[in-house]
Each structure stands twice: as structure tokens, then as C-alpha cells.
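Working notes, beginning with the structure itself.
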Amino acid sequence: MSEESNDWRVENVRKMGDTSGFDVLIVCTSSRGQAKYWQERLETNPSISSNKTTVLTVFEDWKGESGAGNALGTLYAWQNACQKSSNTNIQEQLSEEKISVAIYHTAGKGTRLAPLPGSEVNNKPGVKLPATVELGDKKEARCLTILEAVIKQTSIYSESRKGRLSVFWGDQIFIPSINAEYKPACHIDVLCKLQPMPSKAQWNEKGMNKYGLIAVSDTGTAQIEKAEFEEANDLLKKLGKLKEVGISLGSFSISSELLDVLLKEFKPELRAKNGKMDSDPDIWMPLTLPKESFLALRKKKGFNEETSAQHFERISKLKSSLSGDIFCGVDIGSDAYWWDYGQLHLYLQNCLLLTKPLPESKLMSLFFGHKSGKAFNGEKFAGNVFCDCEIFGKTVVKDSVLASVRCVDVNADGAILINVTSAANISAGKGSIVYNVVSESDVCVEAGEVLVGVANSEGLLRCSIEGNMGALWEEMFEKVYNDNKGIDMATFERERLLASSVVLERLRSSGMAKNA
């Protein structure tokens, strides 16, 4: 097998379904209610956590609207998880390299993915994907959530990271195009897509100015924040002879030694639950860049030069206490697949990817566990995905994805229908999303529209996928967000399931459905 090929992507996906995963899963959420929900959900999902897996869900009760940032947020989540794990000394086991631990950051309002998180009672990681999982002893079929998909995908790194704390984001899935097994060689390693230095045209075409960058030179590896081509090129020249540069995925792992050092260094901030620090600009950059370059970048961002210099010295002192190599990238391969579900238009784009006649689409179906070539209602519908559906009448569907859909007739063209039950018919235009809807009447959605079920008195929310999300948040999404506060997620989910089952039983009593 070549070092980089489609075979490795297939092999990696298969391993994601076979591996037992990380020994300890820590999920950092936005509220006590979310932490409670995910503790129960993950412990009843055997495809995510086995009897040997310790699940620890925590929430970030940090001072200030902007939160702790992912650096301090990671340390705070770890600290809270250690306190919650009263029966197991995970800190000691990690330092002895007996276990691998992963933190999944899911906190946030979900403004970029709105209105879908609002339909999940503000439970952003609970947004559904077009696949199913079986929960509990009864093996009840439920839609796979984004977080569960991320946990499944990242499990491929568990065996390589005994004695390390891994940190992942709860809204993106990536499939490496090279062997994912590796031997950690640095205190910090960051997942990235490495390549030779691109031209300006390639830089802009790939949108590299929108991501943090990992640069590998003859003097070492460095982290660079988002930058335009000219700015990045000038900075890279100061690092030595450049070998490779690549987009950072933001996900990383750190050694237990570094974890201990960081906990001691930032003890004042953690105790006060105050301040904000992100890994890339506040830790990785001062650790890997020359002081002059770091200060120049901070100045362009509007930071006070004296404050930046003090912070650089603080991190340099921390660096001097560590032995061995500090920082490196872990390549996922230039042909890796990367599926981001963190924004509404990307959610639509990546769900519809399943309908395309592409190798990537086929691999995505393999990852989600779809049964290839399965007929629906006795017929095969090329270019569509049917997952756990019951349609009692006519099925006129083109280039669409349907998961947990129950209705009489359905007419969909280039649409996404997830967890939709109608006592009558469903019609969905091109580029539309129908999500978490239970209706006694016809459900009709025009091209480019989004229709979701919500918990407030209106029951439904309709908007355009092309709308100004900032304006829509202030106009309608924020009201849903505030109305959702105080609603118990598990209770509301049960109520929605009950309402759907009542309609479904009536449909079943009126005729015979064929499942997909």
C-alpha cells in the first residue's frame, strides 16, 4: 500500500469502526443540562463507548461572555474531569502512560449553524447527521449526532496516544489519506495537511488565509496565525529553509509532562475562572516563533506591545522547564477528506455530498454505515440516501438525503430531510433543509429554505439558508436560544419522539410501509 492513497482512507475508516477508542472521553459543554444529557447519551451508545470507557462530561462556568478560550478551556475541562472522576486517578494513569484521554470542545451558542442547534434546545453537538445508532439495551434507533461521529472518527488516534491528552473540536470529521498510526515525538503535536509552499494563486484558491498554519523548516516547526500570502511568506523566510507548510486542523495532543506544567503556570487564571487564552496565538506561537515575529503579529492584531512582551517571556520561561522537542505537526495527508458541519451552508454541502457519484461520497457512506445498493419501497433510487425511513405513498426523490422520515408522499429535489414525520405529504425544493419536524398536515419547503421544529409556542421556524446569519440571529434565532434556556433536553427529546410515534402509528394502521 502506498504511503498516500485512497486505500489508506478506506483502511482508516474501517479502523474507526473497529477500534475501542480512547480510554477516557471528556466532553466540555455549555451548561449543566448539556453535561447531564451527554453523560447519559454516550454511556448508552455502545458504538461510541464500551464497558472499559470512562465518560466524563463537564461544563464551562467561566467568567465573561467570551469564555476561557480553548487553551484555558482545555485545562479547566481537564481539572473538572479529574474532580468528577472520583473512583479513578486519571491524572496518575495518564502520567504512567496507561491510558489515552480525549477532550471534545462543544461549548458555544452555535450561531454559525443556526437554526439547527436551536431545534436541539441549544445542544449544538446534538445536531443530527444522516445516519443511525442503536442506543441502550433495547437498541433503539436514533439519528447519529455530530459529536458521536467526531468521537468515532478521532478514535483512530487512541492507540498512538497513551500518556497524552488529545483535544478535538466537536463539529468536524476528517479522514487521513496516510497511515494514522504514529509515534509521538514532541510535547505538542498538531494535526495538519502539509504540502510544499504554494504559489499566491494556490494560497488564495485553497483559502489558506482563513486557517492557522503549521510551517516546517530546517530549524523546527512553528505555528502561524491566519495570514495573507505576502505576510505569511515574509514571516516564513525568517524561520529558516522552509520544507513544508500546511493548514492546521486546530486539533492537538500534549504530553502529560506539558499538561502538568501548564496547570501549574496558569493556576491563578484557573482558580479565578478569569481570562481568555487560545492555543494557537497565546501558547503555540510564543513557543515556536522568534520574539520579534511574535510581537509584530500581535501588534497587527491590536495588542499592547508591552503586554505581549510580558506574555512572551512568561511562555519562554515555561518552555525552558521542558525537556525534549516541543512542537511538531502530525500530517493527515494532502488528499485527506475534511467534512466540516460547523456552519449551515457546510452542513448542507456535506450532507448532499452523499448523493454524488464520487469516491469521497462512497467513503462517507462507509463511515456512516449506510447499506450500499439497498432498495427502498422495492425500487433503487440512484443519487439518493434513505436511512431508517417509512414512506407510505409515492416517492419522487432526486439527489436528496432522507433520514428518519415518515410520511405519505414525499417529493424532494436536492434536499436534506432529517427526523421528519408528517401525517400527510412532504415537498422540499432544491437546497432546502427540513429538520426535527412533526406535523399533522403537509410539510412544504421552497428551494433554499430551512424549516426546523423548535420548543417555543410557535413550534416551527422558517428562514432562508442564504440569509444574513448575523441579522437572522438578532431577528429570530436569539429568541429561540433564550426561550430554550431551562428546558430539559432529554425530556423535550422524549416528548418529540412520542409526538412522532403517535403520527407514525396512525400511518402504519392505514397501510403497510417498507423501510429503508
Side-chain angles (χ1 to χ4, degrees), residues 2-4 8 157 160-161 164 176-255 257-258 261 279-300 308-309 311-313 315-336:
S2 62
E3 182 59 24
E4 180 158 0
W8 270 120
Y157 291 104
S160 297
R161 293 181 173 178
R164 296 181 73 84
S177 57
I178 60 177
N179 189 353
E181 294 181 7
Y182 75 105
K183 186 174 181 179
C186 303
H187 287 290
I188 306 157
D189 57 34
V190 181
L191 294 172
C192 56
K193 293 180 73 172
L194 292 174
Q195 62 181 53
M197 181 65 181
S199 65
K200 182 177 180 180
Q202 292 170 327
W203 185 280
N204 293 332
E205 181 185 345
K206 294 180 179 181
M208 294 181 71
N209 61 321
K210 300 176 183 177
Y211 300 91
L213 300 172
I214 301 296
V216 183
S217 70
D218 58 353
T219 61
T221 305
Q223 170 78 49
I224 303 171
E225 250 201 311
K226 302 171 185 175
E228 297 299 330
F229 177 81
E230 291 81 6
E231 182 183 10
N233 200 31
D234 289 342
L235 180 57
L236 292 172
K237 289 177 182 177
K238 299 175 183 178
L239 299 178
K241 186 178 180 181
L242 186 66
K243 295 179 180 179
E244 291 178 299
V245 65
I247 292 171
S248 167
L249 276 69
S251 298
F252 60 89
S253 77
I254 59 175
S255 67
E257 180 185 345
L258 176 60
V261 169
S279 57
D280 290 9
D282 298 315
I283 311 294
W284 306 165
M285 284 173 56
L287 273 176
T288 61
L289 291 177
K291 183 175 181 179
E292 179 186 354
S293 298
F294 174 73
L295 295 180
L297 286 171
R298 297 278 279 195
K299 187 175 182 180
K300 288 183 178 180
S308 296
H311 182 71
F312 185 89
E313 293 305 323
I315 301 301
S316 295
K317 183 180 177 182
L318 179 154
K319 181 179 178 179
S320 66
S321 68
L322 297 168
S323 58
D325 293 333
I326 303 294
F327 188 89
C328 60
V330 175
D331 192 13
I332 65 170
S334 59
D335 292 329

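Within 6.0 Å of the CD atom in Glu230, the count of heavy atoms belonging to other residues, nucleotides or ligands exceeds 12.
Nearest heavy-atom pair, Ser217 versus Gly240, reported as atom, atom and distance to 0.1 Å: CB-C, 4.3 Å. Shown here for Asp325 and Ala185, the closest heavy-atom pair between the two residues is CB-O, 3.8 Å. Of all non-hydrogen atoms in Pro290 and Leu239, the two that sit nearest each other are CD-CD2, 3.9 Å.
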Are Tyr182 and Arg161 close enough, and set up right, to give a side chain to side chain contact (heavy atoms under 4.5 Å, CB included), and what steps lead you there? CA-CA 9 Å; Tyr182 75 105; Arg161 293 181 173 178; 2.8 Å; yes

Go through it in stages, so that I can follow the logic: the residues are Asp189 and Phe327, the test is side chain to side chain contact (heavy atoms under 4.5 Å, CB included), and I'd like the CA-CA distance, side-chain angles, deciding distance and then a yes or no. CA-CA 6 Å; Asp189 57 34; Phe327 188 89; over 6 Å; no

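Distance check, rounded to the nearest 0.5 Å: OG1 of Thr288 to CD1 of Ile315 gives 11.0 Å. Rounded to the nearest 0.5 angstrom, Asp331 CG and Asn179 CG are separated by 12.0 Å.
By the 4.0 Å N-to-carboxylate-O rule, Asp280 lies too far from Lys226 to be salt-bridged with it.
Between Phe312 and Phe294, the two ring planes are tilted [angle within 30° to 60°].
None of Met197, Lys241, Glu231 except one satisfies the side chain to side chain contact (heavy atoms under 4.5 Å, CB included) rule with Leu236; the exception is Met197.
Side-chain atoms of Arg164 and Ser255 include no donor-acceptor pair closer than 3.5 Å.
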